[in-house]
There are 2 protein chains.
Amino acid sequence: MHSEGVASRSAEPRDSNRSRQHTPQLDAVSLAIIEQLQEDGRRPYAAIGKAVGLSEAAVRQRVQKLLDQGVMQIVAVTDPLTVGFRRQAMVGVNVEGDVESVADALTAMSECEYVVMTAGSFDLMVEIVCEDDDHLLEVINRRIRAVPGVRSTESFVYLKLKKQTYMWGTR
Amino acid sequence: MHSEGVASRSAEPRDSNRSRQHTPQLDAVSLAIIEQLQEDGRRPYAAIGKAVGLSEAAVRQRVQKLLDQGVMQIVAVTDPLTVGFRRQAMVGVNVEGDVESVADALTAMSECEYVVMTAGSFDLMVEIVCEDDDHLLEVINRRIRAVPGVRSTESFVYLKLKKQTYMWGTR
DNA sequence: CTTGTGGAATGCGAAATCCGCAGACTTGAG
DNA sequence: CTCAAGTCTGCGGATTTCGCATTCCACAAG
């Protein structure tokens with residue numbers, strides 16, 4: 001089902017230091033808890049506890065810790081098409097000068113839903129979500145190319161979304 | 001920030017027909033409800049009701065409908081790095097023959113977290129999530145290139161994730 | 001071996017939330 | 001006007017959440 005998947009990416013990144021350092025590596029139980037919540041973010045703690053073999057209170061503590069640590073977030077994720085965004089595209093960007101500053105500028109744009117620095121023939125990959133073609137055109141041609149340091153861009157307009165997941169650990 | 005954002009994409013797509021057809025277009029209240037749940041997927045219905053001006057029961061009914069219709073999902077979203085996936089890459093794929101069948105083959109691979117058919121110099125864009133370099137190499141060179149119809153691939157290894165969002169409507 | 005300490009799990013009421021349902025309103029079709 | 005469908009509200013009863021004190025456990029120190 002779902003020709004248009006409910007969509008969107010994940011959590012907003014936190015500062016580099018925090019989560020990386022004390023990322024004590026999750027044990028099997030925490031993984032199991034996460035899997036439960038990936039199936040249903042509102043599943044009661046008691047039900048999760050029964051599934052993973054822990055008391056309700058223990059599950060609650062673990063979940064709270066996972067949230068505090070930024071290991072996971074429990075959120076509503078939507079289908080862009082349903083919410084009124086009809087055009088999406090991936091844009092590869094080539095930069096001259098400081099890549100990170102360009103990345104920061106793109107990150108500040110609300111239409112840029114996903115920004116990654118990459119190795120390869122593009123310095124940056126950016127996913128854009130727009131309301132219509134005009135909007136998309138304006139974002140790519142006027143806004144992104146106007147950012148100082150952007151040498152060139154190449155666009156890949158989405159024709160059909162085939163898969164979107166957030167099922168780690170579940171493997 | 002975030003060199004490791006909590007991560008992942010969104011919901012798995014549903015069949016093409018369902019959601020697209022009766023997607024009656026959400027009214028302002030439903031949008032507001034979604035925004036509330038994008039901030040905290042476990043927020044109590046009563047609190048949401050107070051925020052959007054509806055009774056607890058009404059919010060509950062609307063949320064249930066949004067979930068049933070596949071407009072949104074409430075799920076835990078995780079940071080791949082924390083969960084043990086250290087290498088990610090975007091791969092552009094060129095296809096000869098039927099693009100969709102190749103897309104289906106890639107969709108079936110658990111390491112492919114995101115698969116889109118695109119217009120432009122790639123026919124497909126695929127996001128890969130792996131445990132380490134060996135794993136990444138094997139997925140790209142052995143598995144993806146082994147799919148019948150795949151003419152060529154180009155990889156963009158992630159150096160740093162700068163932004164990930166799922167905040168529609170919130171704009 | 002005994003003691004001490006920090007982290008995590010458990011048990012347990014009290015408070016808050018969820019859930020199903022019946023009734024009231026609104027709207028549009030016939 | 002009447003009927004049917006779709007929503008919203010109000011309301012108990014069942015569940016769940018929450019905070020806290022207690023118990024367990026593993027481990028390091030004495």
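Letters go in sequence order (proteins before strands), and every chain restarts at 1.
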Looking only at heavy atoms, which two atoms of [X] and [Y] are closest? And how far apart?
X        : Y        : value
B:Asp104 : A:Lys162 : OD1-NZ, 2.9 Å
A:Ile140 : A:Thr153 : CG2-OG1, 4.3 Å
A:Lys163 : B:Met109 : NZ-O, 3.0 Å

Mind calculating the distance between [atom1] ([X]) and [atom2] ([N]) to the nearest angstrom?
X       : N      : atom1 : atom2 : answer
B:Gln69 : D:dG6  : CD    : P     : 12 Å
A:Leu37 : D:dT17 : CG    : P     : 11 Å
B:Ile74 : C:dC18 : CD1   : C1'   : 13 Å
B:Gln64 : D:dG6  : CD    : P     : 16 Å
A:Glu56 : C:dG13 : CD    : C1'   : 13 Å
A:Tyr45 : D:dG19 : OH    : P     : 10 Å
B:Arg43 : C:dA16 : CZ    : P     : 18 Å
B:Gln36 : C:dT17 : CD    : P     : 14 Å

Compare the minimum distances between each of [options] and the side chain of [X], then state the nucleotide with the smallest one.
X       : options                : result
B:Gln61 : C:dA9, C:dC19, C:dC21  : C:dC21
A:Ser55 : D:dG10, D:dC8, C:dA9   : C:dA9
B:Arg62 : D:dG10, D:dC18, D:dC8  : D:dC8
A:Pro44 : D:dT17, C:dT10, D:dC11 : D:dT17

Any side-chain heavy atom of A:Leu124 sitting closer than 4.5 Å to one from A:Val102?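 In short, these two side chains touch, coming nearer than 4.5 Å.
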Do any N or O atoms from the side chain of B:Arg142 and from the backbone of B:Leu137 form a donor-acceptor pair under 3.5 angstrom?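 Side chain of B:Arg142 to backbone of B:Leu137, a donor-acceptor pair under 3.5 Å: no, none is there.
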Just checking B:Arg60: base, sugar-phosphate only, or nothing, at a heavy-atom cut-off of under 4.0 Å?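 Base, at least one base atom sits under 4.0 Å.
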Here's a test of your reading of the structure: between B:Val59 and A:Ala57, which maps to the more 5' nucleotide of DNA chain D?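 Result of the comparison: B:Val59.
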Does D:dT17 have its OP1 or OP2 closer than 4.0 Å to a side-chain nitrogen or oxygen of B:Arg42?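 Yes.
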Side-chain N or O of A:Lys65 less than 4.0 angstrom from OP1 or OP2 on C:dG7?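 For A:Lys65, the contact criterion (side-chain N or O under 4.0 Å from OP1 or OP2 of C:dG7) is not met.
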